[in-house]
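The structure under discussion appears below in the form of structure tokens.
Both ligands and their constituent atoms are indexed starting at 1 by order of listing. Remember, it's a predicted structure, so these values are computed and weren't measured experimentally. One-based numbering along the sequence shown.
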Amino acid sequence: MSTQLQTTVPQGPKGSLLGGNLMAYRKDPLGFLTDLQKNYGGVAKIRFGPQTMYVIYDPELLKELLITKQEHFIKLKAFQEARLFVGDGVATSTGEKHKRVRRLIQPHFTKAHIQGYAKQMADIVERELDTWQPGSSRMLTDDISDITFAIIARTLFSLEGKEHSRSIREPYELINRMCAERMRSLVSVPLFVSTAKNRAYKSALAALDYAVYEIINQRKSNPETGKGDLLSVLMEARNDRGEGMTDRELRDELMIMFIAGHETSANALAWAFSYIMRNPVVERKLYEEWDRVLQGAAPTEVTYMQLTYTQNVLWEALRLRSPSFFTGRSAIRDVEIGPIKLKKGQSVLFSPYAIHHNPTYFPSPLSFRPERFENDLLKRIPQYAFIPFGAGPRGCIGNHFAMLEMVIALCMIGQRYRLRLTPGHPPIEMEPLMTLRPKNGIEVVVETRT
Ligand code: HEM
């Protein structure tokens, strides 16, 4: 496998006459993206229908794409499909609009600011755990999504209670599935055509809109609630002409925060537990660290720093099961990335999932070994060889937030309960939708930790 900056003209698998490589991708997206790296090295050329694209694995080429030449690109055109429901918020917008909103919300995501959320995060986890009964079985994936959703709702938007979680997460389930399906199709039936699927999709979209506009309207009638939170910052912001955001713009920013902010962390945590439950040695080391560092207390922004093994467990779960398993960029003008000569409009994909399976940087890539992150692994491998949160000006704004909440939730669940897969649980398979989630969820039996 190539680890040098690739200079030869990119090659790729031969596909079918009409669809190119799309069928192979649709059949097994993760296998397809991983095999390309094995077979073609640092960059591969593929074709989805009429569109020729490139998939980058080489860390140096990634640096060009995401950092040094990033101004020549916008977010992947295929994500237009996601725009139907997330709209034009910070994760999908381009140019000046993106820069303005990112600048506006960035202060809420600095390490220093995030630390102030630790107590609220811990309170939310505690409240959830109080409802768990030892000996009962639970759908862990749902519980964790409830926790990460409640954390976003409380810390960024000062919202309490579970009704927001239900009113947003339920319609999102269907939208997530359909959106992923539509993104993988060469041709989707336009939404204005009244098919049963389209009707279900549109009604889920309407439910999602209703829930988010309700939150905005409630805040408008009670502007004093949540002073200084992200919602108030968005509502008080004014552009150069002194104009505030429209309701639609507010809706788009809230939607992206709810979706990007809860699902990714929930999946990463669920994957982490799936590995811990199957690795008694890892579990013992975690217990040892929690007992030593926390001595029964909830993690805080201070003890977080000392929970290094816990962080490594999460890094390793993020490596093996990167929730954001693929993403990409589309060129807004002709541009070269290493050996790739891109025409305006052409797209480049990259897959954190596949990149993290490169044995050059991660020997025995399929093994769950948190210890590999010890002794500053991330300083010993190329900078863009490990990118669960992406990189550059379009990299994840919530990376510190996510790490803090995941450490807090992992510790607090594990301090109180030992989780076991329910007897006869089927193997946990991966389901690559908008993010990489455990297919059919993970059901566990909750045992009191002795
Ligand atoms: C384990 C958890 C998370 C993972 C793995 C993750 C991963 C990512 C990745 C890979 C990107 C960049 C996509 C690209 O380059 O095309 C991204 C962007 C983004 N993430 Fe996260 N994320 C996580 C948690 C969060 C949280 C907690 C929030 C908010 C509280 C958040 C908000 C965002 C936003 C707004 C963007 C778009 C940034 C922009 O385009 O300027 N993420 N995330």
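Each of the following atoms of ligand 1 lies closer than 4.0 Å to a heavy atom of K75: 14 (C), 16 (O), 40 (O). Every atom of ligand 1 with a heavy atom of A402 under 4.0 Å away is listed here by number and element: 2 (C), 24 (C). Of all the atoms in ligand 1, the ones that sit under 4.0 Å from a non-hydrogen atom of F401 are 27 (C).
Residue contacts with ligand 1: R102 is placed with a nitrogen or oxygen under 3.5 Å of a nitrogen or oxygen of the ligand (distance criterion only). Residue-to-ligand polar distances keep S324 apart from ligand 1: every N/O pair is separated by 3.5 Å or more.
Closest heavy-atom approach to atom 41 (O) of ligand 1 among the candidates M403, H98, Q106, R329: H98. For atom 16 (O) of ligand 1, the choice among I152, T327, L318, N399 with the nearest heavy atom turns out to be T327. For atom 7 (C) of ligand 1, the choice among G390, G395, P388 with the nearest heavy atom turns out to be P388.
Although no hydrogens or angles enter the test, the distance criterion places no donor-acceptor pair under 3.5 Å between the side chain of R372 and the main chain of E316.
The protein heavy atom nearest to atom 6 (C) of ligand 1 is F389 CD2, 3.6 Å. Scanning the protein heavy atoms around atom 23 (C) of ligand 1, the nearest turns out to be T264 OG1, 3.2 Å. Of the protein's non-hydrogen atoms, the one nearest atom 27 (C) of ligand 1 is G261 O, 3.4 Å. I397 CG2, 3.9 Å is the protein heavy atom nearest to atom 34 (C) of ligand 1. Given atom 18 (C) of ligand 1, the protein heavy atom at minimum distance is C396 CA, 3.4 Å. From the protein, the heavy atom lying nearest to atom 12 (C) of ligand 1 is R394 O, 3.5 Å.
A salt bridge is absent between R154 and D229; no separation between the charged side-chain nitrogens and carboxylate oxygens falls under 4.0 Å. A salt bridge is absent between R100 and E253: the closest approach of a Lys/Arg side-chain nitrogen to an acidic carboxylate oxygen does not fall below 4.0 angstrom.
For the side chain to side chain contact (heavy atoms under 4.5 Å, CB included) with S274, the lone residue among I442, L320, L269 that qualifies is I442.
Contacts between H262 and ligand 1, counted as non-hydrogen atom pairs separated by less than 4.0 Å, are absent for every part of the residue.
Stacking of R278 on the aromatic ring of Y275 is recorded, both the 6.0 Å distance cut-off and the 45° axial limit being met.
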Original post:
Can you list the steps and then say if M257 with L254 is a side chain to side chain contact (heavy atoms under 4.5 Å, CB included)?
Top reply: CA-CA 5 Å; M257 283 301 156; L254 258 68; 5.8 Å; no
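Using a 4.0 Å heavy-atom cutoff, P393 is listed among the residues neighbouring ligand 1.
Atom NZ of K75 is surrounded by more than 12 heavy atoms from other residues, nucleotides or ligands within 6.0 Å.
Ring to ring, F386 and H356 are close: their centroids are under 6.0 angstrom apart. In this structure, F258 has its ring center no closer than 6.0 Å to that of H262.
Between the side chains of E405 and T148, no donor-acceptor pair is found at a separation under 3.5 Å.
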